[in-house]
Engineer: 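Below: one structure in C-alpha cells.
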Amino acid sequence: MAPSASTTRIPAPGCALPGSPLAQASAGLDACVHCGFCLQACPTYVNLEDENDSPRGRLVLMRRMLEGSIPLTDEGAAQHIDRCLGCRACETACPSGVPYGDLLEATRATMAPARGLPLIARVILAVFSNHLLLRTALRGARAFRATGLPRVLARLLPRRLAFPMAMLASTSPTRIVGSRSSRSRTASARPSSSRSAAAPHASPSRVSLLDGCVMSGLFAHVNDATHTALQANGFTPCTTSGQRCCGALHAHAGDLNGARALARANIAAFEQSDAALVVVNAAGCGAMLKQYGHLLHDDPTWAARAAALSHKTRDVSELLASAGPVPGDRAVPVRVTHDAPCHQMHAQRIVQPPLAVLQAVPGLELVPLEDTDQCCGSAGIYNLIEPGTSDAVLAPKLQRIHDTRAQIVASGNPGCMMQIGAGLILERSETAVAHPVELLAASYER
C-alpha cells in the first residue's frame, strides 16, 4: 500500500554552497509563498515585464543557485540579479515578511568571488574604501562643479556620458526663496525666533550627525541646513571624528567584507562621542547604520556594539518629527512635491516624518506625487552600471513630477536627489531638487 501524502517525506534538496552568505541567509527563502503581491511593487518587473526580473523570480534563481542547479557563473541568472535595484519595495508589499534585501546582498556576496564585479564597480568601491582618495576625488568634483562645465557638458555629450555630468551639476545648492512679508496666519502666535523657543521633546538633546561621504563632499549645504534645523528644534549637534563611508555601496554590490570593515570604523568612531543619538540625513546611509547589527551579528567582538549603534540611529526627519517640528517664522512660498527615498520608506519604514517636516514650513504648498513609493532608478551606483534599466525606471518618475507642476522636488537621499536632478536637467526642466531639511531651515532664516 502506497504511503499517504501526509506521511510521505520528500528529502530536501542539498545545499551546494555550504558556509556561503546565501546559505546562511537561506531561511528567508522559505518564507516566500509566491503570491505575487511583490510584482507591481517591483520597478524592474513593471518596466521590463519579465518574471525573472521580479522579486519572486529572483528568489527562485537564488534557490536554484543554492541547490546547485544553476552555477554562480551563469550569465543569464547573473543578469537578473544584477538588474535588481535593491529598493526593497517588495518587502513593504510582502505579506509573508520575506527579508529580500538581506537575501539579495547575500546572493551578490556569494556570486562575487566566482564572477567578480564590473570594473566600474571595483573602482568606485575602492575609492569609497580609501578615506584620503575619496576626499581627494570629492574635492576635485567640487572644483569641477564650480566651473559650471558639468551642466554645459550634460547638454552636449551623448547620454551615457551626459548623465554623470548632470548628476554632478544637480548637487549645486538650490536657491530657496523665503519671504518675511508673506507670513502664515499663525506666524504671529509663534515666537520671533524659533531657534530660541524649541518644542519640548523626550529625546536626548545632544546628537551627532553622520557627515556622510557624498553629503559632506557634495551636499555640504544640506549638512549645514541639518545643523540649523536641529538647533531650532532643541537639539545640540556635535561633531564626531574618525567617520568613514557607511558601507552601503559595498553591501549592495556584494562586498560584505568591505562593508563590515567600514562599519567597524564607524562604530569605533561614534563610541567616542558623548552624543545620545546619531542623526543621518541620507536615507541610504541611515538604513545601512540601522543594519549594522545584522551585518555584524556573528562577530563576537562587534555584534553588541553594532546593535547599540543601530539602536541609536535616527533619520533626521524621524528626529525632527519627534520634536514637532517647530514651524519657522519665514514663509517659503514654493510649490513642492515629495519623492520618498526607497531606503527611507521601505528599508526604514519612515513615511510621515518627511511630510511633517515639509508641512511645518509656512507658505509651502505640498502637492502629492503619484507613485512616490516607486524607485527613481538611482540605487547607489546602479545608474552607472545598469544605465538602460535605470533610465527606464526614471522616465515615469519624471513624468509624475512634471504632472505635479512643482517648483521643487524634495527628497531625503543624495542618490535620489542626483538621479532625479540629472533627469530634470537633461529634460531642461525648471523644477529643482532639494532636501526637505533645506526647506525647513530656510524658514528659520532671519
Engineer: Tell me every residue that passes side-chain contact (heavy atoms from CB on, under 4.5 Å) with Ala166, counting only those two or more places apart in sequence or in another chain.
Structural biologist: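 So Ala166 forms a side-chain contact (heavy atoms from CB on, under 4.5 Å) with Ala154, Ala422, Ile425, Leu426.
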Engineer: Identify, with sequence neighbours excluded, every residue that meets side-chain contact (heavy atoms from CB on, under 4.5 Å) alongside Ala93.
Structural biologist: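 Ala41.
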Engineer: Holding to salt bridge (charged side-chain N to carboxylate O under 4.0 Å, His left out), I want the full list of residues that pass it with Glu51, two or more places apart in sequence or in another chain.
Structural biologist: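 Salt bridge (charged side-chain N to carboxylate O under 4.0 Å, His left out) list for Glu51, sorted by chain: Arg56.
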Engineer: Looking at Arg122 and Asp255, is any side-chain nitrogen of the basic one under 4.0 Å from a carboxylate oxygen of the acidic one?
Structural biologist: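 The answer is no: the pair does not qualify as a salt bridge.
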Engineer: Enumerate the residue pairs fulfilling salt bridge (Lys or Arg N to Asp or Glu O under 4.0 Å) with a member in residues 339-355, sequence neighbours excluded, ordered by first and then second residue.
Structural biologist: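 Those involving residues 339-355 are Asp339-Lys397.
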Engineer: Is it true that the side chains of Ser129 and His250 contain a donor and an acceptor less than 3.5 Å apart?
Structural biologist: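 Distance-only check passes for Ser129 and His250.
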Engineer: Under 3.5 Å, is there a donor-acceptor pair between the Asn223 and Asn281 side chains?
Structural biologist: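 Yes.
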Engineer: Output all residues satisfying salt bridge (charged side-chain N to carboxylate O under 4.0 Å, His left out) with Arg159, sequence neighbours left out; order by chain, then residue number.
Structural biologist: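 Asp391.
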Engineer: Are Leu439 and Leu364 packed together at the side-chain level, in the sense that at least one heavy-atom pair is separated by less than 4.5 angstrom?
Structural biologist: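 Sidechains of Leu364 and Leu439: in contact.
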Engineer: Please set out all donor-acceptor pairs under 3.5 angstrom arising from side-chain atoms of residues 17-26, sequence neighbours excluded.
Structural biologist:
{"residue": "Ser20", "atom": "OG", "partner": "Leu17", "partner atom": "O", "Å": "2.7"}
{"residue": "Ser20", "atom": "OG", "partner": "Ala23", "partner atom": "N", "Å": "3.1"}
{"residue": "Gln24", "atom": "NE2", "partner": "Gly19", "partner atom": "O", "Å": "3.3"}
{"residue": "Ser26", "atom": "OG", "partner": "Ala23", "partner atom": "O", "Å": "2.8"}

Engineer: Tell me, please, which residues at least two apart from His221 pass ring-ring contact (aromatic ring centres under 6.0 Å, His included).
Structural biologist: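 Only Phe219 meet the ring-ring contact (aromatic ring centres under 6.0 Å, His included) criterion with His221.
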Engineer: Is a side-chain donor or acceptor of Arg58 paired with a backbone partner of His80 at a separation under 3.5 angstrom?
Structural biologist: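 The answer is yes, because a donor-acceptor pair under 3.5 Å joins these two groups.
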Engineer: Which atom names give the shortest non-hydrogen contact between Pro436 and His338, and what distance separates them?
Structural biologist: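 Smallest interatomic distance, heavy atoms only, reads CG-CD2, 4.2 Å.
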Engineer: Ring pair (Phe, Tyr, Trp, His ring centres under 6.0 Å): which pairs involve residues 288-326, sequence neighbours left out?
Structural biologist: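 Matches after skipping sequence neighbours: His294-His297.
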Engineer: Ignoring hydrogens and angles, tell me if any N or O in the side chain of Arg335 forms a donor-acceptor pair with the backbone of Thr404 under 3.5 Å.
Structural biologist: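 The answer is yes, because a donor-acceptor pair under 3.5 Å joins these two groups.
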Engineer: If the condition is side-chain contact (heavy atoms from CB on, under 4.5 Å), which residues does Glu370 pass it with, not counting sequence neighbours?
Structural biologist: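 Checked Glu370 against side-chain contact (heavy atoms from CB on, under 4.5 Å); matches are Arg400.
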Engineer: Quick one: ring-ring contact (aromatic ring centres under 6.0 Å, His included) partners of His435, sequence neighbours excluded?
Structural biologist: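 Partners of His435 by the ring-ring contact (aromatic ring centres under 6.0 Å, His included) criterion come out as none, since no residue qualifies.
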Engineer: Under the side-chain contact (heavy atoms from CB on, under 4.5 Å) rule, collect the residues that match up with Ala251, sequence neighbours excluded.
Structural biologist: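 For Ala251 the side-chain contact (heavy atoms from CB on, under 4.5 Å) partners, ignoring immediate neighbours, are Glu105, Leu256, Ala259, Met288.
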Engineer: Only counting residues at least two apart or in another chain, list the ones meeting salt bridge (charged side-chain N to carboxylate O under 4.0 Å, His left out) with Lys290.
Structural biologist: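 By the salt bridge (charged side-chain N to carboxylate O under 4.0 Å, His left out) rule, Lys290 matches Glu318.
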